[in-house]
Q: 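Please find one structure pasted underneath; my questions will follow.
One-based numbering, in listed order, for ligands and for the atoms of each.
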Amino acid sequence: MSFKPFLAYSASAGSGKTFALSVRYISLLFMGESPSSILAATFTNKAASEMRQRVVDSLRNLERDEAFLNAICEQTELSREELLDKQPEVLAKFLASISHIVTLDSFFSSILRAAALEIGLEPDFVTKEQGDDALERHFLNEVQAQGLLSSLVKLAMDIEDKRFSKIFDLMQGFYTVDPLLPEVQKIQHSVQSVEEHCESLRLEMMKALKDAGSADRCIKQFETQSIKELFGKKLFENEMLGEHSWFKKSINNEIEEVYARLKEALKLWGKSKEQVVLYNLFKIYDYYKNATIANAKFSGILSFDDLTYFTYRLLHESISSEFLYFKIDAKFKHILLDEFQDTSTLQFLLLKPLIDEIFAGQGQSEFKSFFYVGDTKQSLYRFRGGVEELFDKVAEHYGITIEPMDTNYRSCRHVVEQVNRWFEPTMTGYIPQKSRSGAKEGFVEVVESDEVIDEAVKQAQNLIQLGVDVDDIAFLVSTNKDGQQLQEACEYAGIDTLLKTSSSLKTLPKIATLVAMMEYLYLGDRIDAEALMIRINKSLDDIDLNWYSPLMQPLKILDRLVREFGYFEEDKNILKLLEFAGSFGDIPTFIKEFKSSSIGVAEHSVHGANIMTIHGSKGLEFGYVIVLDKLTRPNSDKSPLIFHYDENLSVEEILYRISGRDHFDEHYARLIASRKLSEIKDRKNVLYVALTRAVEGMIIIRKEKDSIFDEVGVSPMKIGEIKVSQPVFDIQKKEKKSHLVRLSHYGTQEILKEQEDEEKDLQAILFGSALHYTLEMMVRFDLSSLSKALISMQNRYGQQLDMHHAVQIEARIKMLIVHEGFQKLLQGAQVSKERAFAYDGELKQVDLLLEYEDSCLVIDYKSSKKYDLKHHVQVQGYKKALAKLMRKPTKGLILYLLEDAIELIEV
Ligand SMILES: Nc1ncnc2c1ncn2[C@@H]1O[C@H](COP(=O)(O)OP(=O)(O)OP(=O)(O)O)[C@@H](O)[C@H]1O
């Protein structure tokens, strides 16, 4: 049998690790294993749902997926015929069973839910991504009640940053790896005697220097006001003081001897400071931890750190794995783990009892397996206790063979080769990848520009113009904030986007401004509102606020402000804000609750160019990738604490970072140096992930200075060419406007950028709506149906619609009725109008759907050609969605009902 039960793949991006995992999963099904006995864990929800989909799709269309079918044949040693024969039965069994294709977090959450009561947690808890302000308040109250506020203030002083929020971060850092923390001695240390000793040596040094007739500038080096100042002196980087050019002349044995003692005393000072800081931190950490646990239990809202912590407590202290299996009503015989390089030690410890169980049965007749895949070059989560050594340690511990894979199945040849060129010289242990035979050439381009966002938008417009489907484009950015900025620019340029970030609604400038305006109206607090208005290019004086009364409901006020600001009511983030505001009767409660809320940013549409952070793109692939330089300066890790892991991957010691400490303490210097190397490696890993996502082509936009790409020597270049089928249409050049773009919906899906005054716009909206309505009301596309539909339209719109527009509607539809091309399309088609369908959780509606025997055609009516690009992108989205839903090849058309012509444009 070629199925190796215990196996790991350590291989580069795109080499088919996830593919191999899916093959293995399905092979197990064909080998008769029950879906409920297999645990397959991936890193993101998206990856998990893609894997589930892949399993179902492959089981449905096995014969169409040659590569997959061959791989399953090889794994199972079954012939094609045997597999195809078994396929319906395996599919039926899979669909009827509970499968466990999950993220580790959701798996832990299900474990915890099943046995929550064992540790005093209500099983209906919910999980969320970020910590909340309530916890900080709760904790501060607790600290104050315990009389520990002075410890907190002292800590804030000791920690260079001097902000309380830094202390929260540090404690959250402890909590993330809590079970791995070392025992910290609960002895109160003092630095006073050490400081006194340092001080007397400093004075001794000054005297010795004076006695030796040293120059003033030498003596001045020791004229410091505090030990901290002395500690930070650069001269201590010298092992002997005589190595310093200033001191050469007057150096003598006595001075060197005092210097050595002073260095030793300062080393001790650093250590004592560390002990004091850690002692104080751990003292308050107990309260922080208790506050966190109490807060989670009380609110029923768990962060991912809470989830890991509680699951650890549950599995390691409260119940046995036998009891766990009983509780979750499953027993895993096979475990498959994806992206293993980012599994934290703690997460692994949570899985370990289940893996041990598999190995415990080894040698007996029962068929069990364990398989994991990963790439340490893509390890991104060191900060949350991800330790890349875990990959090898696990293999060693269980005696698992790690196999390499050397061919890239994802990217075109130029991407694979260029990535090799960048990383081979700059990344230790990098093994160049081969391109698969028959890979397309593709293209890679590096553009240098300090207007990163504008350039990215320009490049995307160019791709779209060349015929690239907007859904196949992905922008990769460094931060959520960069993503938001880019999204606004894309929206402005008429490119639909899908923003996949974890940002909170509060952080969006539009939303923040609306709420600040409410505060201004209610409390008269002008400063915040004014500052935010400037950010969105407006001034308080531009806005008419005479309608306001303090008794108005928050929803009413926001609704009015949205209109005053000319915002788009259909903007989903604005809708989310309005929805939230709807549940409050008074302004102050709304403001208070909004500020402590953690409502996430809405996704903008079901299709469009993806915008995501590089971290979020891990494991994914896209046709065309545009990687953006970081908009802000790259920041280095300035955490005041350094965690050092031991052989068993527990935290062996925690070091306190003080600048200059490496001059005195060799052990500290060694760890700091290795930490710096890790930071560089982490940054390169991020770049490696970003530069390995593209299938057809990649564009990189780098800044001239301070570029994140400098690390691997990415400089302007171009290889290959963008080759896409036919250019489909011309992008209309849009002039940039200095004021905010205002969007309105009219018709069913028609989108208009407002350029005229409000009066004209209202008529345009009515015209679009009435035209759509008339077309909707026509039973058939003939003159008698038209005259009936026109009556319905007059009943509905007659009062407001211009006479001239009513005439136009009739004339345009008459032209359509006699249009030969259009009538031809109707032949043999089942016609549905205003067909609604749900796709990706959203309700969509198309104007006209023509269903033929073996294909479909989706038609979208437009009354003007002003916004070609937007129309085009929109119809592409419908086409894609309907092709999936109808399971038939689906074409798309934009039908322009213009004043003097009917035009049909294929999309
Ligand atoms: N043996 C194969 N034959 C054909 N196509 C393959 C094969 N292996 C992988 N692929 C395809 O290559 C692409 C990359 O594969 P996959 O996502 O599994 O790589 P990966 O190693 O998991 O990448 P990453 O490290 O970036 O997560 C996918 O589109 C996959 O379907």
Q: Are R80 and E66 close enough, and set up right, to give a salt bridge (Lys or Arg N to Asp or Glu O under 4.0 Å), and what steps lead you there?
A: CA-CA 10 Å; R80 286 172 77 94; E66 205 50 37; 2.9 Å; yes
Q: Could you list the residues that satisfy ring-ring contact (aromatic ring centres under 6.0 Å, His included) with F370, not counting sequence neighbours?
A: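 Per chain and number, F370 pairs via ring-ring contact (aromatic ring centres under 6.0 Å, His included) with Y372.
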Q: Residue by residue, ordered by chain and number, which ones reach under 4.0 Å of ligand 1 with a heavy atom?
A: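 Within the 4.0 Å shell of ligand 1, which is judged on heavy atoms, sit S12, A13, G14, S15, G16, K17, T18, F19, R54, A67, E339, Q378, Y409, R410, G619, E621, R693.
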Q: Can you pull the salt bridge (Lys or Arg N to Asp or Glu O under 4.0 Å) pairs that have at least one residue in residues 684-693, sequence neighbours excluded?
A: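 Listed by first then second residue: nothing to list.
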Q: Does one side chain, of Y9 or D375, offer a donor that lies under 3.5 Å from an acceptor on the other?
A: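 No, no side-chain donor-acceptor contact under 3.5 Å.
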Q: Please enumerate all residues that pass ring-ring contact (aromatic ring centres under 6.0 Å, His included) together with Y25, with sequence neighbours excluded.
A: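 Partners of Y25 under the ring-ring contact (aromatic ring centres under 6.0 Å, His included) test: none.
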Q: For the pair E448 and K703, find out whether any cationic side-chain nitrogen is under 4.0 Å from an anionic carboxylate oxygen.
A: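 Salt bridge flag = no for K703 with E448.
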